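So the structure is just underneath, and the comments pick up after that.
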Amino acid sequence: MAATLPRQNDSFYRLIIGQTGVVLVVVAGLCLTGALFWSMRQSEREHLQALFELDATRQATQIAGTLEEHVQRLEALRRFHEETAAISPAEFTAWVHAMQDRRLGALAVAWLPRVAVDENTTRYPLGYLVRLTPDGPAVDALPVDFDAAAEPACLEFLEQAQIHGAVLATQPAVCFGVPMAPADLLLATPVCLRQTADASRPSPPCEPRGFLLGLYQTDAALTAAPPADLAVDLSNTATSTGAAAFDLHYRHDFFLAQQPWRLTIDATPVWREARQRMGYWLILPTGLALTALFALYLHGVRARRTGAEARARASEQKFRRLLEEIPSVAVQGYNRERRAIFWNSASEQLYGYRRDQALGHLLEDLILPPPLRPSLIQNIDQRLAGGLTAPSGELELLRQDGSTVPVYSSHALLINHQGEPELYCLDIDLSERKRAEAALAQREVLLEVAALTASRLLREPEPSLAIAMCFAQLGCAAEVDRVYLFENHCCPRTGALLMSQRHEWCADRATVQMDNPLLQNLPYDQGGFARWRQVLAANEPIAGRVREFPELERAILEPQGIITLLVMPILVHGEFWGFIGLDDCQRDREWTAPERHILQSIAGNIGEA
């Protein structure tokens with residue numbers, strides 16, 4: 001079963017709760033708050049602009065209409081005045097109130113009669129002035145010696161009205177010379193005498209008997225909002241600068257009294273405050289507060305995660321020390337890429353690689369035999385990806401020297417503190433057990449061969465045939481390259497003890513020595529095998545590695561390709577008759593006690609046959 005730690009291996013999550021992530025979150029929160037505030041502020045500006053354009057358009061239309069009505073009523077008053085030769089102050093006042101009273105923005109109406117001083121000089125003194133509202137100009141507010149003819153600008157204005165024979169408009173100060181607040185518009189029209197009673201108005205220019213002047217307040221026509229909420233300015237387009245007093249600005253161009261005029265409307269702070277939605281300002285403190293709270297939360301999460309990672313690392317260190325200190329279990333750890341990340345001392349002894357030689361290398365390059373690599377690599381990758389452990393079992397793995405070693409391998413899949421899977425292999429060396437099992441099986445086979453040898457030697461009339469059959473079975477059972485028998489005999493001339501090979505079984509991989517003349521009539525003493533004669537005559541075996549034998553013995557044995565050998569004496573009636581031997585030409589082996597005992601038993605059976 002795989003042991004797991006808390007799985008927090010999401011890269012984005014690790015980035016967010018890190019120190020860099022907290023900074024990024026704070027920056028992102030500030031940017032988002034600023035962007036949202038800017039967006040809401042722009043939306044509010046667009047909302048105010050739409051409201052202002054709606055109000056300003058409606059008010060401009062109403063003001064223009066009201067001013068046009070003032071022109072029409074002043075025209076009507078002029079027509080009444082032309083039909084009367086002389087008008088008393090009372091009649092003039094009555095006519096004015098009848099035509100202009102209760103009209104929005106109408107403040108006063110003045111009559112300037114024409115006075116001919118001489119043939120070249122004409123003057124237009126103030127005749128009457130009728131106030132239409134309490135705020136209208138009073139007569140005593142005007143200069144006592146008011147004389148429009150004395151003002152060149154006013155005289156030019158009146159001459160233009162006389163030339164066009166219609167109403168003209170201008171600023172009040174042109175004719176009155178002093179501020180006439182709250183009046184901001186002056187209308188003038190000439191009053192002419194009719195030539196006949198039924199004739200229509202004479203074509204201009206005419207000789208006026210006087211002029212009617214109307215004083216008006218432009219923004220008095222505002223009804224949708226108080227006058228203080230909107231700043232209204234009426235100016236002639238020829239002299240208008242077009243400068244805006246406020247950021248919410250509206251212009252309306254129209255013709256009044258045969259002149260182009262521009263009506264400018266601006267939103268005052270009072271208008272803005274009455275209609276502005278201030279809720280979007282809450283975005284700033286709210287966004288900053290939420291960003292700070294989230295940053296504090298991430299800081300707390302990061303602190304808790306740091307503590308958890310520290311505890312996980314400490315636990316991992318304990319776990320690694322535990323694995324390191326197990327002397328009889330080879331433990332290796334591999335990451336997702338199958339590269340070694342842990343290699344304890346038992347693994348060094350089992351596989352031959354030092355820790356620094358193994359770490360960072362691929363599993364398959366270290367201990368997997370080539371035939372097993374494709375299937376094992378696929379199996380390991382699938383289990384690492386799926387979070388599953390491989391089943392335990394016996395495997396033949398490679399050592400550094402290329403030899404194989406039988407192990408019982410168990411596996412554990414762990415998740416480290418970074419959320420990455422790690423595969424740990426726990427291998428137990430089965431070499432001793434395998435050798436013991438092999439020795440036990442070999443002992444049983446050898447015992448069986450020994451029993452068969454004894455039985456056949458007793459039953460077979462020809463011992464040579466029985467020996468050949470037993471040697472073949474013994475060679476296969478002992479896994480050697482040669483099984484042979486030498487018989488002793490004396491030299492007829494010198495009486496020296498000689499040895500000669502009488503029987504041999506040879507494996508296919510070894511060379512046959514039965515026909516080797518050096519192994520026939522070989523004297524023990526003169527041939528360099530005096531040691532053999534003494535040891536074997538004492539009923540003791542000769543065993544070991546040929547490279548460790550005396551030089552004279554190696555001269556005969558090494559050309560045969562022998563690496564290790566085991567020789568047992570054959571005694572007949574207590575006398576040294578010869579010997580039986582086993583050769584291994586493939587490996588450097590240690591002869592086991594069962595092998596010695598069985599070979600000794602076979603030698604005894606042959607000596608008794």
Side-chain angles (χ1 to χ4, degrees), residues 442-443 445-478 480-492 495-506 512-516 518-544 546 549 553 556-557 560 562 564-584 591-609:
Q442 186 184 50
R443 176 183 175 82
V445 174
L446 291 176
L447 286 175
E448 184 178 354
V449 170
L452 290 174
T453 301
S455 175
R456 285 173 178 170
L457 288 175
L458 294 175
R459 289 187 290 105
E460 290 289 341
E462 181 59 41
S464 297
L465 181 60
I467 290 174
M469 297 178 61
C470 291
F471 277 15
Q473 293 178 342
L474 178 61
C476 293
V480 295
D481 295 291
R482 297 189 192 95
V483 182
Y484 47 83
L485 183 146
F486 278 75
E487 181 183 358
N488 297 335
H489 57 92
C490 293
C491 178
L497 186 63
L498 308 177
M499 69 172 85
S500 295
Q501 185 170 333
R502 303 302 185 191
H503 299 280
E504 182 189 39
W505 173 88
C506 184
V512 178
Q513 300 297 320
M514 189 64 192
D515 299 330
N516 188 349
L518 296 178
L519 302 181
Q520 303 296 326
N521 301 317
L522 177 63
Y524 279 96
D525 295 337
Q526 291 80 5
F529 287 87
R531 182 177 70 91
W532 283 40
R533 180 178 59 80
Q534 295 174 1
V535 173
L536 294 175
N539 199 23
E540 294 293 335
I542 297 291
V546 172
F549 286 9
E553 296 177 6
I556 300 297
L557 299 176
Q560 303 177 47
I562 304 172
T564 60
L565 58 77
L566 173 63
V567 175
M568 286 291 178
I570 299 175
L571 302 179
V572 177
H573 304 299
E575 296 293 332
F576 177 38
W577 181 85
F579 59 86
I580 183 174
L582 306 176
D583 289 347
D584 195 325
W591 301 100
T592 63
E595 292 171 337
R596 294 170 182 261
H597 294 159
I598 296 303
L599 190 61
Q600 185 178 16
S601 176
I602 294 175
N605 291 334
I606 293 175
E608 295 175 359

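The shown structure was predicted, so the numbers you read here are calculated from the model rather than taken from an experiment.
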Checklist entry - Do the side chain of Gln501 and the main chain of Gln520 share a donor and acceptor less than 3.5 angstrom apart? => result no
For the [atom1] atom of [X] and the [atom2] atom of [Y], what is their distance to the nearest 0.5 Å?
X      : Y      : atom1 : atom2 : result
Ile606 : Cys470 : CD1   : SG    : 7.5 Å
Asn605 : Ile467 : CG    : CD1   : 10.5 Å
Leu519 : Leu557 : CG    : CG    : 9.0 Å
Leu497 : Leu522 : CG    : CG    : 10.5 Å
Trp532 : Asp525 : CH2   : CG    : 14.0 Å
Ile580 : Ile602 : CD1   : CD1   : 5.5 Å

List the atom of [X], the atom of [Y], and the distance in Å for their closest heavy-atom pair.
X      : Y      : value
Gln560 : Ile556 : NE2-O, 3.1 Å
Ala543 : Leu566 : CB-CD1, 3.6 Å
Leu536 : Pro569 : O-CB, 3.3 Å
His503 : Phe471 : CB-CE2, 3.9 Å

Checklist entry - Side-chain contact, heavy-atom cut-off 4.5 Å: Trp591 with Val480? => result yes
Checklist entry - Is there a side-chain contact between Val546 and Leu565, using heavy atoms and a 4.5 Å cut-off? => result yes
Donor-acceptor list for residues 483-491 side chains, cut-off 3.5 Å, not counting sequence neighbours:
residue	atom	partner	partner atom	Å
Tyr484	OH	Asp583	OD1	2.7
Glu487	OE1	Arg502	NE	3.2
Asn488	OD1	Tyr524	OH	2.5
Asn488	ND2	Phe576	O	3.4
His489	NE2	Ser500	OG	2.8
His489	NE2	Asn521	OD1	3.2

Checklist entry - For Glu540, which residues count as a side chain to side chain contact (heavy atoms under 4.5 Å, CB included) partner, sequence neighbours excluded? => result Val535, Ala538
Item to check | Partners passing side-chain hydrogen bond (donor to acceptor under 3.5 Å, both in side chains) against Arg596 (at least two apart in sequence or in another chain) | outcome: none
